[in-house]
Amino acid sequence: MATPEFIREIRASAGHQLLFLPGVSVVVFDDEGRVLLGRRVDTGQWSIIGGIPEPGEQPAETAVREVYEEAAVRCVVERVVLVDALSPVTYPNGDHCQFMDICFRCRAVGGEARVNDDESLEVGWFPVDALPALEEFSLFRIKQAMTDEPTWFAPTTDR
């Protein structure tokens with residue numbers, strides 16, 4: 001995922017220290033029940049769509065924007081699938097981040113899936129019973145998006 005300009009500005013003064021950042025991930029289904037995936041430039045792996053909200057942007061708006069920016073698909077948000085504090089990551093340049101992921105289930109309403117920016121090598125629709133190799137991050141979100149269960153979150157610990 002490309003680093004937004006506002007993050008670059010923060011990094012100019014914060015250096016590589018841990019930043020706690022919002023993030024969204026998006027499971028988009030079409031009318032045939034297929035899921036939209038993109039093959040990422042940075043890892044070469046297939047994944048659901050995701051990104052970072054711009055300052056002041058609502059997370060659902062981010063979901064819709066990211067899907068269009070990355071895959072040229074128009075979608076509408078149906079529900080929040082999960083909220084999850086991800087494990088901290090360290091990027092090759094030394095930057096440390098931890099994301100609070102909000103995952104949305106969306107329904108495609110227009111556009112033709114195609115690479116629409118420089119973050120994806122390929123994009124496409126896949127039947128849920130014939131997905132390419134995916135990391136657990138995407139698989140779990142797709143599984144949760146296919147249910148009508150309440151929003152998933154990690155269990156709280158007794159204190």
Side-chain angles (χ1 to χ4, degrees), residues 1-7 10 19-89 91 97-156:
M1 129 181 22
T3 304
E5 184 59 33
F6 80 94
I7 301 286
I10 292 170
L19 294 181
F20 190 64
L21 299 168
V24 301
S25 56
V26 191
V27 179
V28 184
F29 293 107
D30 67 4
D31 290 338
E32 297 174 37
R34 300 176 301 173
V35 66
L36 180 66
L37 300 174
R39 195 162 69 85
R40 298 172 54 104
V41 167
D42 59 348
T43 65
Q45 297 184 356
W46 288 97
S47 181
I48 58 176
I49 306 295
I52 298 172
E54 295 292 329
E57 184 177 44
Q58 293 294 326
E61 291 175 7
T62 304
V64 170
R65 175 180 56 77
E66 288 288 345
V67 169
Y68 184 75
E69 284 181 1
E70 294 184 26
V73 171
R74 299 278 183 205
C75 66
V76 295
V77 173
E78 294 182 326
R79 73 177 181 91
V80 174
V81 172
L82 63 75
V83 177
D84 191 18
L86 305 180
S87 297
V89 296
Y91 291 98
C97 294
Q98 183 175 12
F99 291 94
M100 175 63 71
D101 180 45
I102 302 171
C103 181
F104 293 92
R105 180 176 73 189
C106 293
R107 180 175 37 86
V109 294
E112 293 293 324
R114 63 178 170 80
V115 173
N116 203 32
D117 66 9
D118 59 359
E119 295 182 40
S120 299
L121 298 170
E122 300 176 71
V123 297
W125 293 103
F126 293 86
V128 294
D129 61 353
L131 296 172
L134 294 171
E135 292 184 354
E136 183 59 27
F137 176 91
S138 293
L139 289 172
F140 184 68
R141 282 153 178 76
I142 292 167
K143 176 185 165 201
Q144 290 301 121
M146 292 172 57
T147 72
D148 287 323
E149 294 178 13
T151 301
W152 181 93
F153 53 89
T156 58

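Reckoned from all heavy atoms, side chains included, excluding hydrogens, waters and symmetry mates.
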Pair Y91-T3, side chain to side chain contact (heavy atoms under 4.5 Å, CB included): steps then yes or no: CA-CA 11 Å; Y91 291 98; T3 304; over 6 Å; no
Criterion side chain to side chain contact (heavy atoms under 4.5 Å, CB included) on D30 and L36, from CA distance to verdict: CA-CA 8 Å; D30 67 4; L36 180 66; over 6 Å; no
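- A donor-acceptor distance shorter than 3.5 angstrom exists from the side chain of Q98 to the backbone of L86, with no hydrogens or angles considered.
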V81 and T151: CA distance, side-chain angles, deciding distance, side chain to side chain contact (heavy atoms under 4.5 Å, CB included) verdict: CA-CA 5 Å; V81 172; T151 301; over 6 Å; no
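- In this structure the side chain of D84 never reaches within 4.5 angstrom of the side chain of F140, judged on heavy atoms.
- Distance CG/L21 to CD1/I7: 4.5 Å, rounded to 0.5 Å.
- In this structure a side-chain-to-backbone donor-acceptor pair under 3.5 Å is missing from S138 to E135.
- How far CD of E78 is from CG of D148: 9.5 Å, rounded to the nearest 0.5 Å.
- The local environment of CZ in R79 is crowded, with over 12 non-hydrogen atoms from other residues, nucleotides or ligands closer than 6.0 Å.
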Criterion side chain to side chain contact (heavy atoms under 4.5 Å, CB included) on I142 and L134, from CA distance to verdict: CA-CA 10 Å; I142 292 167; L134 294 171; 3.8 Å; yes
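- Note: C103 SG to R141 CZ = 6.0 Å, rounded to the nearest 0.5 Å.
- Atom CZ of F20 sits in a crowded spot, with more than 12 heavy atoms from other residues, nucleotides or ligands closer than 6.0 Å.
- Here the straight-line distance linking atom CZ of R107 with atom CG of D31 works out to 7.5 Å at 0.5 Å rounding.
- For the atom pair CD1 of I102 and CG of L82, the computed distance is 9.5 Å after rounding to the nearest 0.5 Å.
- Heavy-atom minimum distance, D101 versus S25: OD2-OG, 2.9 Å.
- The shortest distance between side-chain heavy atoms of L131 and L139 falls below 4.5 Å.
- Between D118 and V41, every side-chain heavy-atom pair lies at or beyond the 4.5 Å cut-off.
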Side-chain donor-acceptor contacts of residues 122-130 below 3.5 Å, not counting sequence neighbours, with atom names and distances?
{"from": "E122", "atom 1": "OE2", "to": "R39", "atom 2": "NE", "distance (Å)": "2.7"}
{"from": "E122", "atom 1": "OE2", "to": "R39", "atom 2": "NH2", "distance (Å)": "3.2"}

Pair up each side-chain donor or acceptor in residues 50-68 with any protein partner under 3.5 Å, not counting sequence neighbours, and list the distances.
{"from": "E57", "atom 1": "OE1", "to": "E54", "atom 2": "N", "distance (Å)": "3.0"}
{"from": "E57", "atom 1": "OE1", "to": "T62", "atom 2": "OG1", "distance (Å)": "2.8"}
{"from": "E57", "atom 1": "OE1", "to": "R65", "atom 2": "NE", "distance (Å)": "3.4"}
{"from": "E57", "atom 1": "OE1", "to": "R65", "atom 2": "NH2", "distance (Å)": "2.9"}
{"from": "E57", "atom 1": "OE2", "to": "R65", "atom 2": "NE", "distance (Å)": "2.8"}
{"from": "T62", "atom 1": "OG1", "to": "Q58", "atom 2": "O", "distance (Å)": "3.2"}
{"from": "R65", "atom 1": "NH1", "to": "E69", "atom 2": "OE1", "distance (Å)": "3.1"}
{"from": "R65", "atom 1": "NH1", "to": "E69", "atom 2": "OE2", "distance (Å)": "3.3"}
{"from": "R65", "atom 1": "NH2", "to": "I52", "atom 2": "O", "distance (Å)": "3.2"}

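- The shortest side-chain heavy-atom distance between E112 and R114 does not fall under the 4.5 Å cut-off.
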